[in-house]
**Student:** 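Next up is a structure, given as structure tokens.
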There are 4 protein chains.
Amino acid sequence: MAKPNIISKGDLIKSAKECLVNNGIDKFTLRAVAEQAGVTQGTIYYHFKTKEQLLLDIVQDTCESSWSEISELSNQYIISQAIESAKSRCSYDSFFHKLFLTLVVSGFNNETIRGKLGEITQSENNALTQSLLTLWSKTPIDGVSVETWGILINAIVDGLALQALVQKDFPVEKTYEELGQLFKGLTQLLNEGDK
Amino acid sequence: MAKPNIISKGDLIKSAKECLVNNGIDKFTLRAVAEQAGVTQGTIYYHFKTKEQLLLDIVQDTCESSWSEISELSNQYIISQAIESAKSRCSYDSFFHKLFLTLVVSGFNNETIRGKLGEITQSENNALTQSLLTLWSKTPIDGVSVETWGILINAIVDGLALQALVQKDFPVEKTYEELGQLFKGLTQLLNEGDK
Amino acid sequence: MAKPNIISKGDLIKSAKECLVNNGIDKFTLRAVAEQAGVTQGTIYYHFKTKEQLLLDIVQDTCESSWSEISELSNQYIISQAIESAKSRCSYDSFFHKLFLTLVVSGFNNETIRGKLGEITQSENNALTQSLLTLWSKTPIDGVSVETWGILINAIVDGLALQALVQKDFPVEKTYEELGQLFKGLTQLLNEGDK
Amino acid sequence: MAKPNIISKGDLIKSAKECLVNNGIDKFTLRAVAEQAGVTQGTIYYHFKTKEQLLLDIVQDTCESSWSEISELSNQYIISQAIESAKSRCSYDSFFHKLFLTLVVSGFNNETIRGKLGEITQSENNALTQSLLTLWSKTPIDGVSVETWGILINAIVDGLALQALVQKDFPVEKTYEELGQLFKGLTQLLNEGDK
DNA sequence: CATGAATGAGACTTCATTCAT
DNA sequence: GATGAATGAAGTCTCATTCAT
């Protein structure tokens, strides 16, 4: 009774991600993943040695997606566009941030996961810093390195997402609007300082 | 064979928190909690109707602790001290943030938990805004309301904690030092603007 | 739905032994043991940490039973009675030897089990040697130490049991009858030699 | 992607035997056999209808090997050489006896296997008896038929092997040395009796 | 108050087996 | 001939939960 459906590893990972986000971490069962993907549990074990390996592959996949976005950012986009993208993922039901935070929490007891998430976060910081450098000749506020600005922006994006995830009526629109103003203000400071 | 040890609900909650943070969410079992507290599983059921209720009580307890800290903040402390306290909890092994994020992730599938965490986050925002108002007569950067500054600071604190949790060598010291400089810088802007 | 039936570890081990012998080693499942004992699988796990531990306890129990028999042998019985007892366990459906051989085969991949079975076998050898020494002043055949006679008798008993287990029509009666004659003959040799 | 390796049934049986002995009966899986043989599971199903059939073929093959040895024994070798060969297979890691006992235990729940093993054992007994008859004109001990001597020798060989399999420091050398003495002694008895 | 024995559902995992290619 | 993808039943084990004592 073997149906060679040829379901790919990628398909399974996608189903697994949905499962993880929709069912929550403690109902993230292989049975649920199998159902979601329309295969049997055995099939999952044909592709992934263990549940942990599946989770690891989810992390890997998530990081790779992030990385490709980051690469585009550093090359083509400027800060304002990065923030625009962050805003679009800042909501009470953000798939992206639910997934990310769930993985972070899983990582608390799995150094491999934790390490990978750490790397990707650091890459984000670096990319943001590079982007800032194309915008600012120097820091707009003395004592705050552009490197740290990169870290802070990333922190703000994650921190706001976190708030939006727990506050149904979080003012995403307003906050991001003013965050934009903040950047304008900072950039203006630089120009004034030049005179 | 009943030992009238008189273990309090609070003791159990404390043990449960430790369990949750140390063992991770998927090894957060009632047996583990019982062992941690030095009682049997039955005892837990004497105090909590279900496991979910225990989790809810953990959230409640955590929120209450937070609330009492917030109250102190609004009344007695100023921003710089709040930040100092945030820095002390920003580390790779932060019990507080591990607990908080674990609860947030649990909340993704439990509106009660999520709601409580949302409330407490909002309270933090408000308290920070109040604190800022005692420091700043108006916003240091046009277009960014003091309310939003409160939100942003809170976001930064959580976002930095998140980074520190996944990056073993995250530069906590340096980042918080420069975050301090940022505040000084902003406050100075206000004073300059006054002239 | 907890019924405090108070089923003892010993009861479970007994059921497990029956299961092992009746169902065979590859159908020796915990479900089968549970059914045999009239409890649920969970109950088994309450008493034994793992399936392997249950098997180990079966071995231990079997060895202890053997040991108590051996002790009686050395103290009260003489060789001929030991052989009588061996004969009674020599059959196509011998519970004892089926169990023993099954454990031996399990031991091929478990040094703990193997070690215990080795110990008990050695004890049997020793006991037999002691028994022989009360019967024979010296060896009836030059060059064969009484120690070795002990080993050989034990080997014969096991070897015959093995044959009986695979040959439906093995002549147990006749063989043991002549084995008795053999001992008589050997003992007689000694007496003749004395003259 | 079919590799016409032309792996023979015999090769698979050999791999399966190794698997059975090395991994033990409960890790005797078709996947393991396939790996051992360097083919995929499907290939095994091309050659054997079921796993049970493979096991049966292992038994068959083992019996045939035994039979050819036995034939040689009856025709060319004398008892002392048979014993020499038995000694060489009497060890803590005897592939032969591990395999044989494993098959015996499997046979407890499979009459086909059991029957075949019974037959081969009986053949061994007969061959030994025939060999003895070329050596002894009559039994060295009254009341013990030469037929029974054949059975007893076979039992000793298996029984000693069993002991060696569970006792790491079983005195194989010494025991077989004295077993040789025993035969010399018995043969001498005959000669003395002739006078 | 608290325990310890028991449960039953469900989790992860393995494995013999099938079948299109 | 042989493979690899898939299945589904069954196995080991965990865990929230119950309840008599």
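These numbers come from the heavy atoms of this one structure, side chains and all, not from hydrogens, waters or symmetry mates. Letters A, B, ... are given to chains in the order of the sequence lines, protein chains preceding strands, and every chain is numbered from 1.
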**Student:** Just name whichever nucleotide pairs with E:dT3, Watson-Crick or G-U, keeping both distances under 3.5 Å, else none.
**Tutor:** F:dA20
**Student:** Could you please name the option among F:dG11, E:dC12, E:dC15 that lies closest to any side-chain atom of A:Lys51?
**Tutor:** E:dC12
**Student:** Rounding to a whole Å, what distance do you find between C:Gln41:CD and F:dG11:P?
**Tutor:** 8 Å
**Student:** Which listed nucleotide (E:dC12, F:dA6, F:dT3) is nearest to the side chain of D:Thr43?
**Tutor:** F:dT3
**Student:** With DNA chain E as reference, determine whether A:Glu52 or D:Glu52 sits nearer its 5' end, using the nearest nucleotide of each.
**Tutor:** A:Glu52
**Student:** F:dA2 C1' sits how many Å from D:Leu12 CG, rounded?
**Tutor:** 12 Å
**Student:** For residues A:Asp26 and B:Asp26, determine if any side-chain heavy atom of one lies less than 4.5 Å from a side-chain heavy atom of the other.
**Tutor:** no
**Student:** Identify which nucleotide among E:dA16, E:dC12, F:dT12 has an atom closest to any side-chain atom of C:Thr29, counting heavy atoms from C-beta outward.
**Tutor:** F:dT12
**Student:** Is D:Asp61 salt-bridged to D:Lys14, going by a charged N under 4.0 Å from an acidic O?
**Tutor:** no
**Student:** For B:Arg31 and F:dC15, is the shortest distance between a side-chain N/O and OP1 or OP2 below 4.0 Å?
**Tutor:** no
**Student:** F:dA5 C1' sits how many Å from D:Tyr45 OH, rounded?
**Tutor:** 15 Å
**Student:** May I have the distance from C:Lys27 (atom NZ) to F:dT12 (atom C1'), rounded to whole angstrom?
**Tutor:** 18 Å
**Student:** Rounding to an integer number of Å, can you tell me how far B:Asp26 CG sits from F:dA16 P?
**Tutor:** 12 Å
**Student:** Does atom CD (B:Glu52) have a neighbourhood of more than 12 heavy atoms from anything else shown, all under 6.0 Å?
**Tutor:** no
**Student:** Rounded to whole angstroms, how far apart are CD1 on A:Ile44 and P on F:dA5?
**Tutor:** 16 Å
**Student:** Just compare F:dT7, E:dT13, F:dT17 and give me whichever is closest to any side-chain atom of A:Leu30.
**Tutor:** E:dT13
**Student:** Of all the nucleotides listed (E:dT13, F:dT7, E:dT7), which has the minimum atom distance to the side chain of C:Val39?
**Tutor:** E:dT7
**Student:** Taking only side-chain nitrogens and oxygens of C:His47, does any of them come within less than 4.0 Å of OP1 or OP2 of E:dA6?
**Tutor:** yes
**Student:** Have D:Asn22 and D:Gln36 got a donor and an acceptor in their side chains that come within less than 3.5 Å?
**Tutor:** no
**Student:** Calculate the interatomic distance between B:Phe48 atom CZ and E:dC1 atom C1'; express it in whole Å.
**Tutor:** 15 Å
**Student:** Side chain of D:Tyr46 only, heavy atoms from C-beta on: which candidate in F:dT14, F:dT7, F:dG1 is closest?
**Tutor:** F:dG1
**Student:** We want to know whether A:Thr43 and A:Thr40 form a side-chain donor-acceptor pair, criterion being a heavy-atom distance below 3.5 angstrom.
**Tutor:** yes
**Student:** Under a 3.5 Å limit for both distances, which nucleotide forms a Watson-Crick or G-U wobble pair with E:dC15, could you say?
**Tutor:** F:dG8
**Student:** What's the NZ-C1' distance between D:Lys49 and E:dT18, to the nearest Å?
**Tutor:** 13 Å
**Student:** Using a cut-off of 4.0 Å on non-hydrogen atoms, how would the nucleic acid contact of B:Phe28 be classed: base, sugar-phosphate, or nothing?
**Tutor:** sugar-phosphate
**Student:** Does a salt bridge link A:Glu111 with A:Arg114, judged by any charged N lying under 4.0 Å from a carboxylate O?
**Tutor:** yes
**Student:** Assign each of B:Gly42 and A:Thr40 to its nearest nucleotide of DNA chain F by heavy atoms, then name whichever residue's nucleotide is nearer the 5' end.
**Tutor:** A:Thr40
